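Step one of this worksheet: look at the structure below.
In what follows, chains carry the letters A, B, and so on, assigned in the order in which the sequence lines appear, proteins first and then strands, with residues in each chain numbered from 1. It should be emphasised that the depicted structure is a prediction, and the values quoted were computed from it without experimental measurement. The figures that follow rest on heavy atoms only: side chains count, while hydrogens, waters and symmetry mates do not.
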Protein chains: 2
Amino acid sequence: MSTNIICHSSSAGSSDGGSSGNSARTPNQAPKPNEPSKRGRAKTRRDNEQLILQAAECIFAEHGFKGATTSQIAKKAKLPKANLHYYFPTKEALYRKVIDRIFNIWLEAASAFDDCEEPADAFTCYISKKMDISRNHPMGSKVWANEILHKAPVIHDYMQTTLRDWTDNRVKIIQGWIDDGKMAPVNPKFLLYMIWATTQHYADFNYQINTLNNGAPLTDEQFEEAKAQAIKIILTGIGIPVGTDRSTDATPCKSGEVPL
Amino acid sequence: MSTNIICHSSSAGSSDGGSSGNSARTPNQAPKPNEPSKRGRAKTRRDNEQLILQAAECIFAEHGFKGATTSQIAKKAKLPKANLHYYFPTKEALYRKVIDRIFNIWLEAASAFDDCEEPADAFTCYISKKMDISRNHPMGSKVWANEILHKAPVIHDYMQTTLRDWTDNRVKIIQGWIDDGKMAPVNPKFLLYMIWATTQHYADFNYQINTLNNGAPLTDEQFEEAKAQAIKIILTGIGIPVGTDRSTDATPCKSGEVPL
DNA sequence: TCAGTTTCTGACCTTTCGGTCAAAATAAAA
DNA sequence: TTTTATTTTGACCGAAAGGTCAGAAACTGA
């Protein structure tokens, strides 16, 4: 599952996650040798790595790479610091793993353009997916934002390859729609920036949004309204008619999978 | 000039800046006693404080509060670290000053809504000003973004007062325009978020934008195009007709001052 | 049961960083 | 010139952080 484009170090471990409640040090009950991933040392290792990654994502998001400390992360994961360093030898290795997870989530949303023929569907689906990511993975988005804010020392080479290729391809698709008269003539890149900015704002700046919402996070209804409005303004703005009857959170593109 | 809403400590010093080339330790030539701000100790102090603030803004933007070190800042300002601590007793005090400067710049753009009667003019002017800030003060914007990303520990109380009040007022203005049928019925808050996100993206994520621009910063022409497009998409998106002949970077609002 | 392997963890080391200090240097006042 | 106030600076300190290590604990297979 994990592509490991960014990470180059150690411990693979595809995520499956039938995570049962208690994780640490349960006495082995009936160790089936045929199912090595469900019980025993392999499972313990996987569980602990996931525990650490989860905690790390949270701490890195809140404090940045430098601001985060391995002690904090270990404490959040309820493990001794030395144990954390047993699984992830350095802070940077751990950070790269966190970034890698986020990148894979991002890639998933990016597929929207491949699954849709018409710009109306493509943009609706893409914006919707990006908004859902901001809702469901705000921490990951923040780590990402933080990384780019600080000159992307870790994902630098990725940006020059994968991101650039992806963007160039989508620019061509959008330009094709423009040439076909399906949408207003805009600069596709600047349009993509607007979509990225608007959708990720709900993750990266959620603290500000909450403050302006009387200190409370947006309710599901409010968030759906925000999503619908983002879609409506952008689509209208690029000359694509928006039917008011169209359901917002439905994904009109071919593939019906959940945006994660 | 400095409102000092956020900072509570020491050393006022309004910016004037007739900054001549060499700054450090020039032998006093003809010390006029009548002009205390141009020569002598007062000037040295002001110059050094500005030097440090400039360097600090840059370093804080690039590395965040925790990531930045006073040594780095001092080195960038070409002063010994101990001298930096003479002017700014703590790293946090310096940080607050930097934030304060950015806040004042932000306030300036915020006035667009007060200077315009019609939504077309108000939004055009506001977006234009915000874009110019992203162009001319990217470092400040990054410090700001970083602060909110990390739960705004420093500007927390400001957000609950000044920012909230400002937002509430503009929401009312926008709602008035909607009620008058001058623009499409949208949620004013979410519209503001979209404007903030889009405009600030060009500062906060400029590293990504540069990478996707073959490693080079946007030229002035490209940036003007981005600005024009942001204005066009948003205005069209909220049902305000955009004349293609309207000059983009002209400020249509009453006050003709430069956006800084 | 027992040897071999993997996991766990408190204690420790080294480096870095924010901040202090006392003395030297410079400017202003008397 | 002498005195006083301000500024500059190298050297230093304590705290915190990333990372190591050796021995203890636990699991695995025979």
Side-chain angles (χ1 to χ4, degrees), chain A residues 9-11 13 23-49 51-52 56 59-60 63-96, chain B residues 9-11 13 23-49 51-52 56 59-60 63-96:
Chain A
S9 59
S10 66
S11 55
S23 56
R25 193 116 326 265
T26 60
N28 242 358
Q29 342 159 344
K32 290 183 194 172
N34 270 4
E35 218 166 349
S37 61
K38 287 283 180 184
R39 297 266 160 226
R41 287 215 263 246
K43 173 174 163 53
T44 302
R45 171 172 278 272
R46 247 198 13 248
D47 285 355
N48 280 345
E49 279 178 356
L51 217 61
I52 293 168
I59 299 294
F60 280 133
H63 302 282
F65 177 74
K66 281 283 278 192
T69 71
T70 51
S71 302
Q72 276 178 305
I73 296 170
K75 189 179 175 187
K76 180 133 194 155
K78 288 174 183 165
L79 292 172
K81 191 182 69 167
N83 201 2
L84 180 149
H85 275 99
Y86 171 71
Y87 285 109
F88 299 92
T90 68
K91 184 182 174 184
E92 186 177 329
L94 176 55
Y95 183 69
R96 295 188 104 95
Chain B
S9 59
S10 65
S11 53
S23 56
R25 193 118 325 264
T26 60
N28 242 0
Q29 343 160 342
K32 291 184 193 171
N34 270 6
E35 217 165 348
S37 61
K38 287 282 180 185
R39 298 266 160 224
R41 288 213 264 246
K43 173 173 164 52
T44 301
R45 171 171 278 272
R46 245 196 16 247
D47 285 354
N48 280 344
E49 279 177 358
L51 217 61
I52 294 168
I59 299 294
F60 279 134
H63 302 282
F65 178 74
K66 281 284 279 192
T69 71
T70 51
S71 302
Q72 276 178 304
I73 296 170
K75 189 180 175 186
K76 180 134 195 153
K78 290 174 183 166
L79 291 172
K81 192 183 67 165
N83 199 2
L84 180 148
H85 276 98
Y86 170 72
Y87 285 108
F88 298 93
T90 68
K91 184 182 173 184
E92 188 177 328
L94 175 56
Y95 184 69
R96 295 187 105 95

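In the set C:dT9, C:dG18, D:dT7, the nucleotide with an atom closest to the side chain of B:Y86 is D:dT7. Of the candidate nucleotides C:dT9, D:dG18, C:dT20, D:dG18 has the atom lying nearest to any side-chain atom of A:K91. Out of D:dA17, C:dC8, D:dG19, the shortest distance to the side chain of A:T90 is found at D:dG19. In this structure, of D:dT20, C:dT7, D:dT8, it is D:dT20 that holds the atom nearest to the side chain of A:A82. The side chain of B:H85 approaches C:dG19 more closely than any other nucleotide in the set D:dA17, C:dT9, C:dG19. Checking D:dG18, C:dC17, C:dC8 against the side-chain heavy atoms of A:T70 singles out D:dG18 as nearest.
The closest side-chain heavy-atom distance from B:F60 to B:I73 is below 4.5 Å. Side-chain contact between B:F88 and B:R96 is absent, with no heavy atoms from C-beta onward closer than 4.5 Å. Inter-residue side-chain proximity for B:F65 and A:H63 is flagged as unmet; no heavy-atom pair is nearer than 4.5 Å. Between A:L84 and A:I52 the shortest side-chain heavy-atom distance falls below 4.5 Å.
Residue-to-nucleotide contacts include a donor-acceptor pair under 3.5 Å from the side chain of A:K81 to the base of D:dG18.
For A:N48 and C:dC8, the shortest distance from a side-chain N or O to OP1 or OP2 is below 4.0 Å. OP1 and OP2 of D:dT6 both lie 4.0 Å or more from every side-chain N or O belonging to B:R45.
In this structure, B:K78 atom NZ and D:dT7 atom P are separated by 22 Å, rounded to whole Å. Between the CD1 atom of B:I52 and the C1' atom of C:dG18 there is a distance of 15 Å, given to the nearest Å. Rounding to whole angstrom units, NZ of residue B:K75 and C1' of C:dT16 are separated by 15 Å. If you measure from atom CD of B:Q72 to atom P of C:dT16, you get 13 Å, rounded to the nearest angstrom. Going from atom CD of B:E49 over to atom C1' of D:dT6 covers 14 Å, rounded to whole Å. In this structure, the OH atom of A:Y87 is 18 Å from the C1' atom of D:dG19, given to the nearest Å. Between B:R46 atom CZ and D:dT7 atom C1' the separation is 16 Å, expressed in whole Å. In this structure, the CG atom of A:N83 is 13 Å from the C1' atom of D:dA26, given to the nearest Å.
Using a 4.0 Å heavy-atom cutoff across all strands shown, B:A68 reaches sugar-phosphate atoms only and no base atom.
Nearer the 5' end of DNA chain D, as judged by each residue's closest nucleotide, is the contact made by B:P80, out of B:P80 and A:K66.
Not a single donor-acceptor pair under 3.5 Å links the side chain of A:E49 to the backbone N or O of A:R46.
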